[in-house]
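Because the structure is predicted, anything quoted here is derived from the model rather than measured.
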Amino acid sequence: MSKAQSIQNKIWKAYGKVGKTLGKPFSIYRAPTTNYPIIPENWIDTKNVAFSQDTKFARPLDDGTPLWMCWIDGRLNNLFDVQAGDYISDDLTGETYVIVSAQPHTFIRALSTPNKISVYGNETYTDGVDGLAQTKPLVSMELPCNIRQPSSSTSNGYVPVQTLGFESVPQYEIHVWDPNNEIKIGYQIVDEHGNESLVVSVFKGEAGTRLQ
């Protein structure tokens, strides 16, 4: 074992002690796609995890992107080390986060994902017994995300379907983990409340993917 790896293990062990003292059990999931990421087949471990905005657990969450410091023993079950894209979920309450940064020797950061969306691709036509039928292929189902409403005064945004040209409709940002670029401009999104919307822009960043 290298000296750097030895230091990393000590850091993760310290994070694990904080999680054990101040946190609660969460299941860890590692999903290959955005479709149903939190299912038993994707489970890799269970760990005590705590979340905070600073090292003293004193600062409340501000109005920015809901990123948290994640206190977890990154060694997991000795077969996996924690990595960006891992979902942390309380199977009883549904409280869910996705790790967006797990770089060596730095704090682990996680995005709070209290919302879930389904994503449908562009319309296609299939030939059936009744002739051509219009369908929208399913891209993602039950995908954890964070939906925010920053403004309703600009034309760029996550807007209801068929109202792309109107500026007075509510507009949203969706923060999600999509490393394989499965979600594209023009795709339809349906949230857990049944609201239907359209993706008009996709931005990739260090904290994952931001849809508008």
Side-chain angles (χ1 to χ4, degrees), residues 25-47 49 51 65-68 70 72 74-103 108-126 133-148 158-159 161 172-212:
F26 282 85
S27 294
I28 316 299
Y29 297 87
R30 183 166 297 172
T33 71
T34 60
N35 191 32
Y36 284 113
I38 301 180
I39 56 176
E41 290 80 356
N42 294 334
W43 177 91
I44 58 175
D45 204 354
T46 296
K47 288 284 188 178
V49 189
F51 299 91
T65 302
L67 290 175
W68 295 83
C70 179
I72 179 177
R75 295 172 296 178
L76 300 185
N77 65 0
N78 296 322
L79 295 176
F80 302 96
D81 287 340
V82 70
Q83 66 181 34
D86 288 347
Y87 290 93
I88 301 175
S89 181
D90 184 330
D91 297 328
L92 296 178
T93 67
E95 180 183 2
T96 304
Y97 303 80
V98 60
I99 293 177
V100 297
S101 177
Q103 298 177 356
I108 299 171
R109 302 298 296 268
L111 172 71
S112 172
T113 54
N115 307 108
K116 288 186 178 181
I117 57 173
S118 299
V119 182
Y120 298 87
N122 295 324
E123 294 178 348
T124 60
Y125 292 87
T126 56
Q134 188 180 48
T135 62
K136 289 187 175 182
L138 178 65
V139 176
S140 307
M141 183 70 75
E142 295 289 316
L143 176 61
C145 66
N146 191 290
I147 300 176
R148 304 181 66 237
Y158 162 69
V159 299
V161 172
Y172 300 88
E173 289 182 356
I174 302 180
H175 296 264
V176 69
W177 188 256
D178 179 23
N180 299 323
N181 302 314
E182 298 176 61
I183 305 174
K184 304 182 184 302
I185 293 174
Y187 281 14
Q188 180 184 358
I189 289 180
V190 182
D191 67 19
E192 70 266 33
H193 303 296
N195 299 310
E196 298 183 11
S197 305
L198 192 70
V199 177
V200 298
S201 59
V202 179
F203 298 93
K204 307 292 288 189
E206 293 183 355
T209 299
R210 176 166 58 92
L211 309 174
Q212 291 184 320

Look only at the side chain of E182 and the backbone of T34, and say whether a donor-acceptor pair between them is shorter than 3.5 Å.
yes

side-chain contact (heavy atoms from CB on, under 4.5 Å) between I72 and I108, intermediate numbers included
CA-CA 8 Å; I72 179 177; I108 299 171; 3.8 Å; yes

Check Q83 against A102 and note the closest heavy-atom contact, atom names and distance.
CA-CB, 4.0 Å

What's the separation between atom OH in Y172 and atom SG in C145, rounded to the nearest 0.5 Å?
12.5 Å

Where N180 and P32 come nearest, the two heavy atoms and their spacing:
ND2-O, 3.3 Å

Under a 4.5 Å cut-off applied to non-hydrogen side-chain atoms, are V119 and I117 in contact?
yes

Quick one: CG on N115 to NE2 on H175, what's the gap to the nearest 0.5 Å?
11.0 Å

Please report the interatomic distance CG(L211) to CD1(I185), rounded to the nearest 0.5 Å.
10.0 Å

Side chain to side chain, D178 and L143, heavy atoms closer than 4.5 Å
no

Salt-bridge present (K116, E142; N to O < 4.0 Å):
yes

Donor-acceptor under 3.5 Å (D86 side chain, R30 main chain)
no

Give a yes or no on whether the backbone of H193 and the side-chain of D191 come within a donor-acceptor separation of less than 3.5 Å.
yes

Side chains of E41 and Y36: closer than 4.5 Å at any heavy-atom pair?
no

Between T209 and V202, which heavy-atom pair has the shortest distance, and what is it?
CG2-CG1, 3.7 Å

side-chain contact (heavy atoms from CB on, under 4.5 Å) between V199 and K184, intermediate numbers included
CA-CA 7 Å; V199 177; K184 304 182 184 302; over 6 Å; no

Residue pairs passing the salt bridge (Lys or Arg N to Asp or Glu O under 4.0 Å) test where at least one lies in residues 203-212, sequence neighbours excluded:
E173-R210

F51 vs Y97 aromatic rings, parallel, tilted or perpendicular, using cut-offs 30° and 60°?
parallel

Interatomic spacing from CG in N146 to CD1 in I174 - rounded to 0.5 Å
10.0 Å

Using 0.5 Å steps for rounding, measure from the CD1 atom of I189 to the OG atom of S197.
7.0 Å

Less than 4.5 Å apart, any side-chain heavy atom of I88 and any of C70?
yes

Heavy-atom closest contact (V176 atom, P144 atom, distance)
CG2-O, 3.6 Å

Between S101 and A84, what is the shortest heavy-atom contact and its length?
N-CB, 4.3 Å

Do Y87 and I28 touch side chain to side chain, with heavy atoms closer than 4.5 Å?
no

Pairwise distance CD(E192) to CD1(I147) - rounded to 0.5 angstrom:
5.5 Å

Taking side chain as C-beta onward, heavy atoms only, is S112 less than 4.5 Å from W68?
yes

Whether T113 side chain and T96 backbone form a donor-acceptor pair below 3.5 Å:
yes

Can you find a pair of side-chain heavy atoms, one from P66 and one from L111, that are under 4.5 Å apart?
yes

Is the backbone of R75 close enough, under 3.5 Å, to the side chain of D45 for a donor and an acceptor to pair up by distance?
no

Test your reading of the model: is there a side-chain donor-acceptor pair from N42 to the backbone of Y29, 3.5 Å cut-off?
no

State, to 0.1 Å, how close E196 and V190 come at their nearest heavy-atom pair, and which atoms those are.
CG-CG2, 3.9 Å

